[in-house]
Amino acid sequence: MATHVIPTPAPAAPSGAGTATTAPSSPAPVPVPAPAPVTGLGGEWLRLSAAFTDAVTDLTDREDLTVQCAPGLGQGAPGCFVPSLATIELDGRHLRLDPATCDPSWPADRDRYPAMWGVLTHEAAHATHTRWAVPDGAPAAAADAAMALEESRIEAAQVRRRPADRRWLRASATSLILDDFTTPPTTPPAPATGPAPSGSAPTGAPTGTSAGAPATAPTGAPTAPPVTTPHAAMTPWNAGRAAALILARTDAGILEPAETRPLAEAVLNVLGPSRLSALAALWHRAHATADDDAEAMMDLGRRWCRILDVNPDRPAPPPPPGTPGASGDPSPLAEAIGATVVAVHATAAMPAPGSPAPDPTDKRRQERDAREAADDAARRVFGASTDATGPRGGTRATWTRPPRPGEQAAARRLARRLRAAAHRGRVTTTRTSPTPPGRLSMRGALAADAQRAAGTVPTAEPFTQTTRRHVPAPPLRIGIACDVSGSMKALARPVASAAWIMARAAGHVPDAVAATVIFGSTVRPIVHPGHAPNAVTDFAANDSREDFVQAVDALDSAVELTRPGAARLLVIVSDGKFKKDQPKDGQKRLDRLTASGCAVLWLALTDDARVMNGAHPITLTDPAAAADAIGTAAARALRNA
């Protein structure tokens with residue numbers, strides 16, 4: 001792919017090293033030296049770089065990263081992460097806008113340059129989750145395979161941590177990553193307005209594509225990148241690489257199966273079902289591999305090579321003469337990649353690059369209307385006259401019972417987990433200065449003396465001051481919505497138990513609030529916000545329809561799922577088979593929640609559940625495991641708050 005990580009000479013914690021992919025027929029990747037300081041980064045590009053630097057903290061949960069964005073940066077690729085410098089470089093040519101008009105601190109402004117923000121999100125995923133380095137002397141082909149698997153692994157980890165980032169990773173996949181399989185257009189992209197930096201990519205740097213953004217029509221409407229002379233010859237190695245970079249992203253939840261179906265069929269024709277299934281098992285294992293497990297990733301790379309009958313100790317094999325696509329003619333594999341590009345672009349639903357910024361007045365009005373609808377739903381659902389045991393409607397609780405000893409023990413265990421996840425240790429900040437106060441460093445003092453003796457202005461700062469402060473624990477907000485249509489009968493009692501466990505555990509966590517509703521023909525409360533019930537409220541699941549939208553609105557208002565400043569989690573227990581406008585209107589609610597930073601967990605009993613975009617799906621083979629799944633998601637939301 002075009003974006004990459006520049007490897008460090010040796011493993012370095014915690015930043016690690018990542019991937020630098022090359023064309024399928026290329027020899028082993030050449031290590032890229034750390035870039036020289038860019039002296040031409042100034043003006044509006046410097047301002048934009050500072051704005052990206054501020055924004056990347058939210059993407060990575062790291063405060064030591066610097067982002068540099070200007071035309072010509074990126075080491076020949078649209079973006080790269082340099083672990084040794086804790087720096088992300090972005091090629092400003094892919095912004096395709098005047099940097100003076102861009103303000104990444106405003107979320108709506110990012111819609112104008114989704115591909116660039118997607119590249120930043122991808123590199124932020126590397127900075128957060130690539131904490132391993134390819135060992136010195138590692139087998140070339142095995143390293144190539146491991147680094148290709150790393151691309152979907154870090155994106156899968158990013159969307160587990162931040163589901164709302166999926167749309168931006170899709171934008172980078174469609175506009176940049178898939179272009180790695182095509183020859184750049186003969187006409188280079190027009191550089192964005194602003195001075196080019198004097199620093200440039202060093203000779204021999206991996207180049208990826210020089211025109212990674214999609215072609216644009218004169219009106220600014222995005223079109224699919226042209227697939228002209230493909231790099232993907234019909235070899236098992238190239239088919240495997242396409243599977244690792246594209247099909248693995250489908251299983252990671254970035255791309256949709258319908259979009260990648262042409263490529264899946266082409267890869268299947270090259271590899272056969274047995275080898276493709278074996279490769280799929282490897283990328284699934286990669287998605288579950290720890291961020292710092294270099295040994296496991298390299299082992300997956302070696303196994304990848306053996307499945308494809310490639311010597312892992314030698315460079316990646318070039319296509320033999322006579323192979324379709326080897327001489328530059330379009331191969332069926334390249335055509336399938338092109339069809340995938342077109343399909344992804346058709347469904348990406350991203351605003352056109354260069355389109356006018358959304359009207360802030362309209363955005364504020366939409367948000368105000370959404371909040372009013374949520375507040376109205378909360379009043380109807382949690383009002384005293386609409387209790388779950390009330391006389392109106394068929395959606396109601398059946399009975400209450402005392403909690404069982406196992407449920408009480410589970411509530412205590414979960415409370416301990418949530419308190420541990422919410423705990424924040426002391427943050428240490430170290431500052432240097434040329435004058436006291438602080439601890440004197442003799443090395444710095446001698447350096448300052450040497451600079452004075454040489455007649456230069458001293459730049460050494462020999463005094464070091466360390467401050468430590470406690471970080472307050474974020475509050476926790478949890479909303480649980482359980483579908484009580486007949487298809488969810490098996491989950492009714494386990495979720496009722498999980499709702500009591502969550503509410504009881506939340507009562508032992510400072511500032512935690514949990515609420516639970518059931519939704520069928522109507523929406524009824526099971527656990528009111530902030531209430532720690534003494535008894536477990538069971539309910540039946542017999543309704544013929546589902547009012548999903550009102551359930552989400554009621555929980556949004558009751559526990560403030562869209563309000564910043566807290567760790568927020570919405571749990572949906574449903575098969576997703578809703579009627580009328582519920583799927584469309586419900587997706588709008590989930591889009592608003594995920595855009596605000598609320599995590600969404602979707603629990604179902606079967607794999608055919610219709611899970612909405614932005615939700616993290618979990619299929620429960622054992623319904624009794626619902627409490628553990630919800631508790632794990634709540635703890636994750638707290639850790640990432």
Side-chain angles (χ1 to χ4, degrees), residues 51 54-55 58-59 97-98 100-118 121 162-168 170-171 219-222 347-383 475 477 479 481 513 515 517 519 523 529 546-570 572 578 580-600 612-615 641:
D54 290 339
D58 292 333
L59 295 174
L97 292 171
D98 183 352
T101 67
C102 300
D103 184 7
S105 64
W106 184 27
D109 190 62
R110 302 165 189 172
D111 291 334
R112 301 169 57 223
Y113 37 90
M116 175 62 80
W117 189 261
T121 303
R162 291 173 49 89
D165 287 344
R166 176 181 181 268
R167 64 174 297 202
W168 308 114
R170 279 176 56 80
T219 59
T347 59
M350 301 295 286
S355 60
D359 184 359
T361 303
D362 185 58
K363 298 283 288 186
R364 286 193 295 268
R365 188 185 69 254
Q366 292 178 7
E367 180 63 21
R368 183 178 62 252
D369 293 345
R371 290 188 184 276
E372 290 176 354
D375 292 342
D376 184 57
R379 284 191 294 269
R380 291 196 304 269
V381 171
F382 291 102
R477 305 283 184 264
V513 178
V517 300
F519 63 95
V523 182
E546 308 86 3
D547 194 349
F548 173 70
V549 170
Q550 183 171 224
V552 175
D553 280 346
L555 290 172
D556 173 20
S557 175
V559 295
E560 299 182 333
L561 293 178
T562 53
R563 301 279 184 178
R568 292 153 286 148
L569 173 67
L570 173 64
I572 301 167
F578 304 145
K580 297 184 178 179
D581 291 336
Q582 294 292 315
K584 180 182 68 175
D585 294 341
Q587 184 63 65
K588 292 179 181 178
R589 266 65 175 182
L590 260 60
D591 290 343
R592 177 171 170 264
L593 287 173
T594 55
S596 71
C598 176
V600 180
M612 294 185 181
N613 293 336

Can you list the residues that meet the side chain to side chain donor-acceptor pair (under 3.5 Å) rule with Asp556, with sequence neighbours excluded?
-> Thr562, Arg592
Residues that Asp375 engages under side chain to side chain donor-acceptor pair (under 3.5 Å), provided they are two or more places apart | Ser557
Not counting sequence neighbours, which residues clear salt bridge (charged side-chain N to carboxylate O under 4.0 Å, His left out) with Arg563? List them please.
-> none
How long is the span from the NZ atom in Lys588 to the CG atom in Asp591, to the nearest 0.5 Å?
-> 10.0 Å
Pro114 side chain near Met116 side chain, heavy-atom distance below 4.5 Å | no
Check: Arg368 and Arg365 side chains under 4.5 Å, non-hydrogen atoms = yes
Can you sort out the partners of Asp165 under side chain to side chain donor-acceptor pair (under 3.5 Å), two or more places apart, ordered by chain and number?
-> Gln158, Arg162
All heavy atoms of Pro583 vs all of Lys580, minimum pair found to be CD-O, 3.5 Å
Residue pair Val559 / Leu570, side-chain heavy-atom distance below 4.5 Å | no
Which pair of non-hydrogen atoms, one from Ala55 and one from Arg110, has the smallest distance, and what is that distance?
-> CB-NH2, 4.5 Å
Is a side-chain donor or acceptor of Gln587 paired with a backbone partner of Asn613 at a separation under 3.5 angstrom?
-> yes
Gly614 and Thr594 have their tightest heavy-atom pair at O-CG2, 3.7 Å
What are the two closest heavy atoms between Asp109 and Asp103, and how far apart are they?
-> OD2-N, 2.7 Å
Test side chain to side chain donor-acceptor pair (under 3.5 Å) applied to Asp585 - qualifying residues, sequence neighbours left out = none
Which pair of non-hydrogen atoms, one from Gln582 and one from Met612, has the smallest distance, and what is that distance?
-> O-CE, 4.1 Å
If we only count heavy atoms from C-beta on, is the Leu569 to Val600 side-chain gap below 4.5 Å?
-> no
For Asp547 and Gln550, test the side chains for any donor-to-acceptor distance below 3.5 angstrom and give the result as yes or no.
-> yes
Can you tell if the side chain of Gln366 reaches within under 4.5 Å of the side chain of Asp369, non-hydrogen atoms only?
-> no
Minimal non-hydrogen separation, Cys598 against Leu561, with atom names = CB-O, 3.5 Å
Using a distance-only test with no angle check, is there a side-chain donor-acceptor pair under 3.5 angstrom linking Thr101 and Arg112?
-> yes
Please work out whether the ring planes of Trp117 and Trp168 are parallel, tilted or perpendicular, with thresholds of 30° and 60°.
-> perpendicular
Output all residues satisfying side chain to side chain contact (heavy atoms under 4.5 Å, CB included) with Ala481, sequence neighbours left out; order by chain, then residue number.
-> Val517, Phe519, Ala551, Leu555
